[in-house]
There are 2 protein chains.
Amino acid sequence: MTDDAGGDAFERVTSEVAERVDPGSEERERLRAVADTLVERARRAATERCPDADVLRVGSTARNTWISGDRDIDVFVRFPTGLDRETLERYGLAVGHETLPEGREEYAEHPYVSGEFEGFDVDVVPCFRVESATETRSAVDRTPFHTRYLQERLDDELASEIRLAKGFLKGVGIYGSDLRTRGFGGYLTELLVCAYGGFRELCEAAADWQPPVELDPEGHGRESFADPLVVIDPTDPERNVAAVCSAESVARFQHHARDLLADPRAELFEPDDLGPLSAEAVAGHVERRGTTPLALSFPAPDLVDDQLYPQLRKSLAGIARELEDRGFDVLRTATFAAEDAVLLVELAVASLPAVERHEGPPVAVRSHAEGFYDAYADEPAAYGPYVEGGRYVVEREREFTSARAFLESDRLFDVALGAHVETALEEDYDLLVGEDLAALADPFGAELARYFDPSP
Amino acid sequence: MTDDAGGDAFERVTSEVAERVDPGSEERERLRAVADTLVERARRAATERCPDADVLRVGSTARNTWISGDRDIDVFVRFPTGLDRETLERYGLAVGHETLPEGREEYAEHPYVSGEFEGFDVDVVPCFRVESATETRSAVDRTPFHTRYLQERLDDELASEIRLAKGFLKGVGIYGSDLRTRGFGGYLTELLVCAYGGFRELCEAAADWQPPVELDPEGHGRESFADPLVVIDPTDPERNVAAVCSAESVARFQHHARDLLADPRAELFEPDDLGPLSAEAVAGHVERRGTTPLALSFPAPDLVDDQLYPQLRKSLAGIARELEDRGFDVLRTATFAAEDAVLLVELAVASLPAVERHEGPPVAVRSHAEGFYDAYADEPAAYGPYVEGGRYVVEREREFTSARAFLESDRLFDVALGAHVETALEEDYDLLVGEDLAALADPFGAELARYFDPSP
C-alpha cells in the first residue's frame with residue numbers, strides 16, 4: 001500500500017473510530033450535570049470544615065479527553081498546606097462520605113472515598129494545594145497541575161486525537177499506568193499526542209523510535225532516567241511520566257503503530273476477544289507442545305493490583321531464575337490472578353540426570369584451583385575433578401533431578417519471593433504439572449487462551 | 001608437610017624412581033653394540049648409492065636420555081641437498097631395507113623403513129643435510145640439529161633429571177608429542193629440564209605457571225605464538241617446540257607437579273592401572289548417572305594415529321556443537337579407537353519439546369524486526385511472534401525432538417566431520433544409546449574405566 005493510499009485508508013478508519021470514541025452531546029451534557037452536582041456537594045462539605053478549601057475536577061472527563069462510555073469522575077478537594085496530614089485525611093473522608101453517601105473508603109497515598117453516583121464511578125480525593133507540582137507531598141497533589149497544564153493546551157481537535165490514541169492503546173492492551181498493565185497512562189498519552197501534534201504523527205514517530213526515547217515538552221533538561229521511554233513531566237522536571245511504561249509496552253506500541261500505518265483497520269482499536277480455552281483445549285496445547293508446564297496455585301494475597309502484580313512478577317522471576325540456575329530450561333512464564341493466584345513456568349527441560357557438570361577455576365590460578373580440587377577430590381558421589389581445557393571440572397550429585405521435586409520442597413523458600421506471596425505459599429499451594437494445567441481453565445480460560453495464542 | 005620434610009621425601013622418591021628409569025651399564029652396552037651395527041650397515045648402503053651421504057643416530061637413545069626399557073633406535077641417513085626429493089626417497093627406502101631386511105615401509109613426510117632388530121624397534125629415516133634447522137624441507141631434517149644442540153649441553157646429571165621428567169610425564173599420561181596425546185614430547189621435555197636446571201625445579205616452576213608460558217632458551221625473541229606453552233626452538237627461532245601441547249596437558253602437568261611436590265610418592269611415576277570395566281559395570285554407571293550416552297561406532301578409518309585422532313576429535317566437536325545448538329545438553333564427550341572407532345557424546349538432556357524458543361531482533365530495529373515478524377506471522381505451527389522485553393520471540397517447531405533421531409538422520413552429515421570419518425559413517429555405523437553403551441566394554445573397557453573414573 002502506498003503512503004497516499006494508506007493516508008486515505010488511515011483517515012477513513014480513524015473517522016470511523018472517532019464516531020465510536022467521541023462522546024456525543026447528550027453524554028457530555030449528562031456528565032456535566034452530574035459532575036456539577038458532585039462538585040457543589042463536595043464544595044459545601046469542604047468549606048464547612050475549612051473555609052480555605054476548594055474543589056476541582058481532574059482526569060479525562062474534566063479535560064474532555066474521555067472515551068465515550070467511560071464513566072469516571074474524579075473530584076479533588078484541595079486543602080491549604082498549613083493543615084496537618086491527619087486533619088486533611090479526616091476532612092477528606094468526611095467530605096467524601098457527604099458527597100457519596102454510599103461510597104466506601106479506599107486507600108492510596110491518602111485515604112479517599114469511592115462510590116457510584118447516578119451511573120458514574122466517582123472518586124472524591126483530598127489533596128494539598130501546593131504552589132507548584134515540584135512541592136507535592138504525595139502523587140495526588142500533582143494531579144491538579146496536570147489537568148491545568150493540559151486544559152491550557154487542548155482544543156477540540158487535539159482532544160479528539162487523544163481519544164483515538166487512547167482507543168488504540170486500549171485495543172492493543174497497553175493502556176494504563178497501573179502496575180498490572182505497565183503501559184501508557186492517560187496523562188502520558190495526552191502529553192505524547194500534544195508533543196507530536198496528533199495521533200497519526202505519534203504513530204509515525206513511534207514506528208521509528210529507538211529506545212531510550214526522550215521527550216521533554218517544556219525543555220527542563222535537568223534529570224536523566226534509565227527508562228525505555230522518558231517524558232519529562234512539564235509540571236515537574238524531576239519526574240518521568242512514563243516511568244512505569246515497560247520496554248515490552250513500548251515495543252508492543254511500536255509494533256501495532258507500524259501495523260496500523262501499513263494496513264489501517266478499525267479492529268485494531270478493539271481488544272482481541274479470543275474466548276476462554278476449555279480444559280480439553282489446554283490439555284491439547286500442552287500435549288502438542290511437548291513441554292512441562294508447572295503451575296503453583298494458591299489463594300491470592302489480599303492486596304490491590306498495584307501491590308499484587310509486582311509481587312507475583314518478582315516471585316515468578318525468582319523461581320524461573322532458580323530453575324534455570326539448577327539446569328532446568330524455562331521456555332516461558334506467566335502469572336494470573338483472580339480469587340487464586342497462579343505462577344506458571346513452562347519448562348522445555350523438567351528432569352535432569354543425577355549428576356551435574358560443575359566447572360571449577362583454571363588450574364593455573366593456584367590457590368583457587370587447589371581449594372576446588374581439595375573440596376571435591378574425596379567426595380565419593382562426585383565424578384572427577386578432571387581437567388578439560390585448562391580448568392578443573394567435576395560432575396557432582398544434583399540436588400534436584402526434577403523441577404517438580406524442587407517446587408515441592410522447602411528450597412522454594414530460598415528464592416526471593418514477594419513478601420505476601422511467600423506467606424501465602426507457606427500456608428499452602430497446589431502444584432499442577434503437565435496436562436493438569438487444564439484444571440486452571442476455570443477461571444483462567446481467557447488468560448490461557450492468550451498464553452497459547454500469544455501475539456504482540 | 002613442610003618444605004624441608006617435603007624436600008627429603010622428594011629426594012627419597014626420585015632416587016627410588018631413578019633406580020628404575022636409569023638404564024644400567026649392561027643395557028647401555030647392549031644398546032651401543034646394536035646401534036653401532038645398524039649405523040655401520042646403513043652407512044655402507046648409503047655411501048654405495050651416494051658417496052656424500054652420512055649417517056647419524058638421533059633421539060633419546062642417542063642422547064643418553066632414554067628410560068630404561070625403551071628400545072627405540074633412530075638412524076637418520078642424511079643426503080646432500082642437491083639430491084632431488086624423489087631420488088632421496090628411493091635411496092632412503094633402499095638403505096632402510098638393506099639395514100633392516102625384515103622392515104616394512106611407513107610413511108610420514110618421507111617414506112622410511114621401520115622394523116625390529118635384535119629386540120630393538122628401529123627406524124631408518126632419510127633426510128636432507130641442510131645448513132641450519134631453519135632451512136629444513138621437512139620436519140625430519142630438523143632432528144639432527146636437536147640432537148646436536150642437546151648433546152652439547154647434557155651431562156650425566158641432567159640426563160638423569162630428564163629421565164625423571166619423562167618417567168613422571170609417562171606416569172601422568174601426558175608424555176608424547178603425537179596428536180593422540182598432545183602432550184610433552186621428548187625434545188620439549190629435555191629443553192624444559194635444561195631451561196629450569198632439573199626435574200624438581202621444573203615442577204616448582206610449573207606449579208606456578210600462568211599460561212601462556214614462554215621460554216626462549218637462546219633468546220631468539222622473534223616470533224609470537226598463541227599456544228598455552230611456548231618453547232622457542234633453540235635451533236629454529238620460528239618454531240614453538242610445544243606447539244602440539246594442549247592447554248589440557250599443560251594444566252594436567254601443573255596439577256600433578258603440585259601433587260608431587262606436596263606429597264612426593266613413587267606411584268605418580270607409574271600410570272594408573274584401573275583395569276577394564278565389565279559390560280555390567282558400564283551399564284551400572286549409566287544408570288547411576290541418569291544421563292543419556294549416545295555412541296557412534298564404526299570401523300576405524302585406516303589412518304595412522306596422527307591423522308586419525310585429529311579427525312575423530314574434529315568430528316566429535318562438530319557433533320557436540322550441533323547437538324548443543326539444537327538444544328541438547330552435552331555433559332561430556334570422548335573418542336576411542338581400535339579396530340572400531342567410537343564417538344561418544346553423553347547428554348544431560350537428550351529429548352526436548354516439540355517447540356523451541358527463538359529470539360528475534362529488538363522491535364525497535366525496524367527493518368530486521370519487520371522481516372522477522374513477517375517470516376513467522378503466518379507460520380501455522382509457530383506460537384507467536386510475541387514481544388518479551390523489547391524483542392520479538394517465536395516458539396517454532398523443533399526439527400529434532402530427540403538427539404537419537406538427529407544422529408540417525410542425514411543431517412548428521414551437515415556437521416563438519418573429519419573427511420575419512422565422514423566416509424566411514426556414510427558407509428555404516430551403529431548408534432548405541434543409554435545402557436547399550438555396555439556393548440563397548442569389549443574392547444574399550446579400559447577407556448571406559450577411565451571415562452567413568454576421570455581424574456586430572
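What's counted below: heavy atoms across the whole structure, side chains too, no hydrogens, waters or symmetry copies. Throughout, protein chains are lettered first and strands after them, A, B, ... in sequence-line order, and every chain is numbered starting at 1.
Of all the heavy atoms in B:P456 and A:Y373, the pair that sits closest is CG-CE1, 3.7 Å. Closest heavy-atom contact between A:E248 and B:E388: OE1-CA, 3.8 Å.
Of the residues A:Q254, A:R258, A:Q210, the one that meets the side chain to side chain contact (heavy atoms under 4.5 Å, CB included) test with B:R366 is A:R258. Screening A:T291, A:L331, A:T292 for a side chain to side chain contact (heavy atoms under 4.5 Å, CB included) involving B:P353 leaves a single residue, A:T291.
Comparing B:A251, B:G384, B:P362, B:G390 by how many heavy-atom pairs each has under 4.5 Å with chain A, the most go to B:A251. Each of B:G290, B:A247, B:S455, B:G389 has some count of heavy-atom pairs under 4.5 Å with chain A, and the biggest count is that of B:G389. Between chain B and the options A:E370, A:R288, A:R391, A:R252, the largest number of non-hydrogen pairs under 4.5 Å is found for A:R288. Between chain A and the options B:A369, B:P228, B:A354, the largest number of non-hydrogen pairs under 4.5 Å is found for B:A354. Listed options B:A206, B:S351, B:A348 were ranked by heavy-atom pairs under 4.5 angstrom with chain A; first place goes to B:A348.
Annotation for A:D378: atom CG does not count as buried by contact number, only 12 or fewer foreign heavy atoms lying within 6.0 Å. In the displayed structure, B:E287 atom CD is contacted under 6.0 Å by at most 12 heavy atoms of other residues, nucleotides or ligands. Around atom CZ of A:R321, no more than 12 heavy atoms belonging to other residues, nucleotides or ligands sit under 6.0 Å away.
Within the 3.5 Å criterion, the main-chain N or O of A:V355 finds no donor-acceptor partner in the side chain of B:R289.
There is no contact between A:A350 and chain B, counting heavy-atom distances below 4.5 Å. Neither the backbone nor the side chain of A:E397 comes within less than 4.5 Å of any heavy atom in chain B. Neither the backbone nor the side chain of A:R398 has a heavy atom closer than 4.5 Å to any heavy atom of chain B. Neither the backbone nor the side chain of A:S246 comes within contact range of chain B; no heavy atom of the residue lies under 4.5 Å from a heavy atom of that chain.
The side-chain heavy atoms of B:D329 and A:R357, taken from C-beta on, include no pair separated by under 4.5 Å. Residues A:Y386 and B:R450 fail the side-chain proximity criterion, which asks for heavy atoms closer than 4.5 Å.
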